[in-house]
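Just so it is clear: chains get the letters A, B, ... in the order the sequence lines come, proteins before strands, and each one is counted from 1.
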Amino acid sequence: GQQLNQSPQSMFIQEGEDVSMNCTSSSIFNTWLWYKQDPGEGPVLLIALYKAGELTSNGRLTAQFGITRKDSFLNISASIPSDVGIYFCAGHGTGANNLFFGTGTRLTVIP
Amino acid sequence: DTGVSQNPRHKITKRGQNVTFRCDPISEHNRLYWYRQTLGQGPEFLTYFQNEAQLEKSRLLSDRFSAERPKGSFSTLEIQRTEQGDSAMYLCATQTSGRGFGPGTRLTVL
């Protein structure tokens with residue numbers, strides 16, 4: 001199967017700081033998605049990217065689809081306590097119906 | 001709100017028992033997916049429906065697993081003769097812009 005490496009695995013930051021996490025793939029993806037998951041809940045879609053080089057924002061979140069189509073990053077600006085959770089990248093290639101997920105970045109925001 | 005509900009939210013069962021989970025999309029979605037998520041990992045694809053037809057199955061879906069979507073709306077996932085390794089969160093998703101996931105069913109096999 002396709003390998004998605006997500007880093008860092010975990011982050012501890014102070015409230016108000018900016019956060020950056022990224023995801024790299026062993027193969028080309030046509031779509032990159034970023035999700036946030038709270039304990040005991042399903043993943044919630046944050047940002048979807050459909051085109052290489054695309055830079056998309058959603059409030060304090062910004063994500064980019066890498067030009068090589070093998071990577072993506074997610075930035076969170078001015079973090080707040082409710083940003084705490086696990087962030088997953090996901091992607092799929094041409095014609096593929098299944099999403100491949102990274103292993104997640106666990107974010108802790110210290111007030 | 002992704003418009004996907006799952007029941008039950010939690011299930012504890014003894015090894016060897018059969019369990020069934022249900023996924024209900026609120027509105028009609030052609031595509032419906034099942035994923036499994038173990039602790040510390042991202043979700044892994046299990047199977048996919050286009051309306052009533054089950055079009056794709058992962059190698060993770062052993063012969064003890066069966067999924068149905070009889071009327072192209074709700075779907076069920078059954079696990080027969082459960083094993084401790086089946087303990088996981090089972091997630092249902094529909095094709096929206098991206099993938100709208102339900103809250104999941106957490107299965108614990110004792």
Enquirer: Identify which part of B:Q50 has an atom lying under 4.5 Å from any heavy atom of chain A, answering side chain, backbone, both or neither.
Expert: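 It is neither, since no heavy atom gets under 4.5 Å.
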Enquirer: Does the separation of the ring centres of B:Y33 and B:Y48 fall below 6.0 angstrom?
Expert: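 Ring centroids of B:Y33 and B:Y48 are less than 6.0 Å from each other.
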Enquirer: Between B:Y90 and B:F21, how do the two ring planes meet: parallel, tilted or perpendicular, split at 30° and 60°?
Expert: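 It falls in the tilted class, 30° to 60°.
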Enquirer: Which one of B:P43, B:G104, B:C92 has the most heavy-atom pairs closer than 4.5 Å to chain A?
Expert: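 Greatest number of close heavy-atom pairs with chain A: B:P43.
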Enquirer: With a 4.5 Å cut-off on heavy-atom pairs, point out which of A:G42, A:A90, A:C89 contacts chain B the most.
Expert: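 Top option by heavy-atom pairs under 4.5 Å: A:G42.
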Enquirer: Heavy atoms only: give me the nearest A:L99-B:F45 pair and the separation to one decimal.
Expert: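 Between these two residues, the closest heavy atoms are O-CB, 4.4 Å.
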Enquirer: Answer with yes or no whether the hydrophobic clustering places A:V84 together with A:L74; edges join I, L, V, M, F, W, Y residues whose side-chain heavy atoms lie under 4.5 Å apart.
Expert: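 The answer is yes; both residues are in one hydrophobic cluster.
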Enquirer: Would you mind checking which part of A:Q6 comes under 4.5 Å of any heavy atom in chain B, side chain (CB onward), backbone (N, CA, C, O), both or neither?
Expert: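 Answer is neither: A:Q6 stays 4.5 Å or more from chain B.
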